Amino acid sequence: MVKHKVLMLMVHSFFLCFIHTLPIHGTFTITPNQSIQGNETTLVSAAGNFEAGFFNLGNSQLQYFGIWYKTITPRTIVWIANRDTPLQKSTPILKLTDEGNPVILDGSRGIVWSSKASRTAEKPVMQLLDSGNLVVKGGDSEENLLWESFDYPGDTFLAGMKLKTSLVTGPYRSLTSWKNTEDPSVGEFSYHVDAHGFPQLVTTKGATLFSRGGPWNGHVFNGVSWLRMLNLFKYSLEYTDKEISYQYETLNSDTVTRLVLNPLGLTQRFLWSDRKKGWEIISTRPMDQCGYYSFCDVNSICNIANSPKICQCMEGFVPKFQEKWDSLDWLGGCVRRMNLSCHIGDGFLKYEGMKLPDTSSSLFNKSLSLEKCETLCLKNCSCTAYANLDVRQGESGCLLWFDNILDLTKHTDQGQDIYIRLAASEFDQRGSNFNNKKLAGTIVGLVIFIILLGLATFTCKRKRLPKRGMLKIFHWKYKRDKEDVELSTIFDFSVISNATNNFSNSNKLGQGGFGPVYKGILADGQEIAVKRLSKTSDQGAEQFKNEVMLMTKLQHRNLAKLLGCSIHQDEKLLIYEFMPNRSLDFFIFDSTRSKLLNFTKRLQIIDGIARGLLYLHQDSRLRIIHRDLKTSNILLDNNMNPKISDFGLARIFRGDQAQANTNRVMGTYGYMPPEYAVHGSFSFKSDVFSFGVILLEIISGRKNRNFYDSQHHLNLLGHAWRLWIEEKPLELMDNTLDDSATPPEIMRCIHVGLLCVQQIPENRPNMSSVVLMLNGEKLLPEPSQPGFYTGTGHQPIQVESSSRSCGNCSQNEVSISLLEAR
């Protein structure tokens, strides 16, 4: 009898243990007697929007528990529980304790992750909601929420999630970046609401401000592109004495969207396209240099439309270090030309359409009018600027800044008004300047009137001209260089405006040094890319003329095709064929997308670029040096065929001309040869050097400028050279390349790349030789030391960007070229 009772107890205990680890298969809830085990069992939301379970990231053997979109391929992860404590070589288990605490178990180590829920309840239930929120509720009440994943965000911000900042204890909830695309552990960047001063959305790198979304203005954070986003989302900021809470909702329930803080510190808004069956990036911040925190330092304005001189002092201020500013080094920012006189009579200068400056040291009042805000600022001698707090109907509230103004930027969309304090003497000076200019203004006005009268007469006659007559007008406008323009199509401005939805931000592909680029769809369904040159940039006008003059004469399968242009008053547009696969850098420098380019496809891209350059240098009726060849200027068509684009900096060589010099270096550091970057000397061998850099980047999957070998202190070119002389060149190959690449083919590519980047221009091959070399039809000489090599025992070539004028240099490689979306 005793033995029978003991046996029954053992069976009962075994049965209880079995119940507590009972796996589930695609269910909607978990109770303490159930679990998720391994990769085969998952938890699914009621409508099937999201799925949760264990997974492996890429080819890694590490196991994570996370949440992803159930019906979207490839798998898109939105949250990971054990991002810093992955499991390996075991069968992971997620279960709910009797107290309502979700835990992840490893058979060999016990609990490796716990939610550490502070509250408990009887009969707890875990459920995955259709919002993507994993929640634990007390079984006795639907409202008894014990824990939710939305309170512990990862790198993804979903609709309905809240970013909270406590005003009592100080901690904030934030997005945190992954370390890299293959390691989801907590990275360097954080995205949260900063509660110091007036609330603003910020991204920090460690303790350092990296970028700002601006202060809250009643609709959105001021730095956001309002016009487009308010058509898609509703944003809200709840502000109490204890807490600030920020969230967004979609206006259309069918909209699938997410915001991601990537490992580089960029926040990107993704929108799922059912038509394209893929994610579209509809916004990126920072999108240009002005998006980085205080890029122009104090008391200055950053305006990307004025590239390359994007920084300018505010009115009444001058550069602290004039010589540095003249060389496009913005260190030190600006200082007042005349000190404030405070009670004697200061005034305010209005700036319109601005992303408001850093508000971390500001003061605010929600009820004051703008007039009373001005009075309040004038009474405080330390107050340097003021603005409205809330821009909604009947603008209200007062926002005050003190001492230096930091991170003031010209808004790319709508912006707000801000009033900057100036000494009374500054206004006296402005009045004097006005009187001096009054006569000149009268004369200019008279001249403009006469010109307009002539244009009106000319326009009446022009309406009766046939279409060919419009082409002749264009001929006349740009015949001063003795180069006839033969353009097949001159588009009416209204046609392009309609095609781009009136140049809507939702159609914006990127921002270049000479203006933005938009996607458009013509009435016949043809997709186009429209480069809209900046109205205020003389260089933009020069680029327009240069591109039209060249591209109408250049026709090659590996060059981007110019479809036409449009001129309307001071608007100048270039219309190109649209490239759906963006640019080369979009693929080769991304660990996931790079896998789409196997070695065969990379060889085809290298060969296509080489043939396009050979055409420019030798086979076209003009001999062209591109001068800004880089991966972001290599566009990819539907079949991943390369097309060289962006000829705004290109130059024509006539006759037997082999070399030219300039005092204004224009291009992108990392792709420039040393003789051009240092001495301003350029030739066809300059493009050969740039091609060699691109070739080595394609083979290695790494950027020349961003690569750094900490052991040997080398850039990518130096690293490739070291591996070559140590007879280990195959180590340069991108790890994502498949087995179709044979060592002899890789060796030949690296060999050709090193020949192209040799320090001495005369040693570099011409492009006709390069094409033959790549196809195995020519013996290869031994390469010599590359340009900018800084290895031990060699004198490095130093280029100080601040020591010379770099008219359109992209020193951080954040410039955006044609059709390239960032």
Side-chain angles (χ1 to χ4, degrees), residues 227 303-307 353 412-414 444-445 447-481 483-524 526-552 560-578 646-648 818-819:
L227 299 180
N303 187 351
I304 196 64
N306 291 337
S307 179
T412 56
D413 183 7
Q414 186 168 334
V444 170
V447 172
I448 291 174
F449 173 76
I450 294 171
I451 292 173
L452 290 175
L453 185 62
L455 285 175
T457 305
F458 176 76
T459 303
C460 292
K461 292 181 180 179
R462 182 179 178 184
K463 288 180 179 178
R464 294 192 292 271
L465 285 173
K467 185 177 181 180
R468 188 62 188 172
M470 293 177 68
L471 294 178
K472 287 180 180 177
I473 293 168
F474 192 82
H475 260 259
W476 167 79
K477 186 173 181 68
Y478 288 113
K479 200 166 181 176
R480 59 186 178 183
D481 284 342
E483 290 290 344
D484 289 341
V485 176
E486 300 170 5
L487 198 59
S488 60
T489 305
I490 297 179
F491 290 87
D492 187 270
F493 182 80
S494 62
V495 172
I496 304 303
S497 180
N498 290 334
T500 59
N501 192 20
N502 196 25
F503 302 99
S504 166
N505 271 336
S506 61
N507 288 50
K508 192 172 182 179
L509 295 170
Q511 178 76 37
F514 298 105
V517 180
Y518 299 87
K519 179 182 178 181
I521 302 177
L522 298 175
D524 61 1
Q526 181 180 5
E527 293 182 316
I528 58 174
V530 181
K531 182 189 287 187
R532 188 183 194 184
L533 301 197
S534 171
K535 301 177 186 178
T536 60
S537 172
D538 292 336
Q539 291 167 341
E542 185 68 19
Q543 188 199 38
F544 177 82
K545 183 192 73 172
N546 205 46
E547 289 211 41
V548 172
M549 296 291 289
L550 291 177
M551 295 306 291
T552 53
K561 184 179 180 182
L562 182 69
L563 302 178
C565 70
S566 176
I567 304 174
H568 175 72
Q569 297 175 355
D570 56 353
E571 291 275 8
K572 299 178 182 68
L573 310 176
L574 292 167
I575 295 89
Y576 281 86
E577 60 179 334
F578 177 72
D646 210 335
F647 285 78
L818 179 66
L819 312 193

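Not measured: the values here are computed from a predicted model. FYI, side chains are in, hydrogens and waters are out, and symmetry mates aren't considered; it's all heavy atoms of this structure.
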> Heavy atoms, side chains only, cut-off 4.5 Å: are Leu509 and Phe578 in contact?
Replying inline: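 Counting from C-beta outward, Leu509 and Phe578 do come under 4.5 Å.
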>> Ser497: which residues meet the side-chain hydrogen bond (donor to acceptor under 3.5 Å, both in side chains) condition with it, sequence neighbours left out?
In response: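 With sequence neighbours excluded, Ser497 shows a side-chain hydrogen bond (donor to acceptor under 3.5 Å, both in side chains) to Asn502, given in chain and number order.
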>> Taking side-chain hydrogen bond (donor to acceptor under 3.5 Å, both in side chains) as the definition, give me every residue that meets it alongside Gln526, ordered by chain and number, with sequence neighbours left out.
In response: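 Partners of Gln526 by the side-chain hydrogen bond (donor to acceptor under 3.5 Å, both in side chains) criterion come out as none, since no residue qualifies.
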>> Among residues at least two apart in sequence or on other chains, which ones pass side-chain contact (heavy atoms from CB on, under 4.5 Å) with Ser494?
In response: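 Listed in chain order: Asp492.
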> For Asn501, what residues pass the side-chain contact (heavy atoms from CB on, under 4.5 Å) criterion, not counting sequence neighbours?
Replying inline: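 So Asn501 forms a side-chain contact (heavy atoms from CB on, under 4.5 Å) with Ser504, Ser506, Asn507.
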> When rounded to the nearest 0.5 angstrom, what is the spacing between CD1 in Ile496 and OH in Tyr518?
Replying inline: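 So the CD1 of Ile496 and the OH of Tyr518 are separated by 13.5 Å.
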> Which value, rounded to the nearest 0.5 Å, describes the distance between Leu573 atom CG and Cys565 atom SG?
Replying inline: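 Result: 8.5 Å between the selected atoms.
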On a heavy-atom basis, which atom in [X] and which in [Y] lie closest, and how many Å separate them?
X	Y	result
Leu562	Ile575	CD1-O, 3.4 Å
Thr500	Lys519	CG2-O, 3.7 Å
Leu522	Ala499	CD2-CB, 4.1 Å
Glu577	Lys561	OE2-N, 2.9 Å
Lys531	Asp646	NZ-OD1, 3.5 Å

>> Please enumerate all residues that pass ring pair (Phe, Tyr, Trp, His ring centres under 6.0 Å) together with Phe491, with sequence neighbours excluded.
In response: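 Checked Phe491 against ring pair (Phe, Tyr, Trp, His ring centres under 6.0 Å); zero matches.
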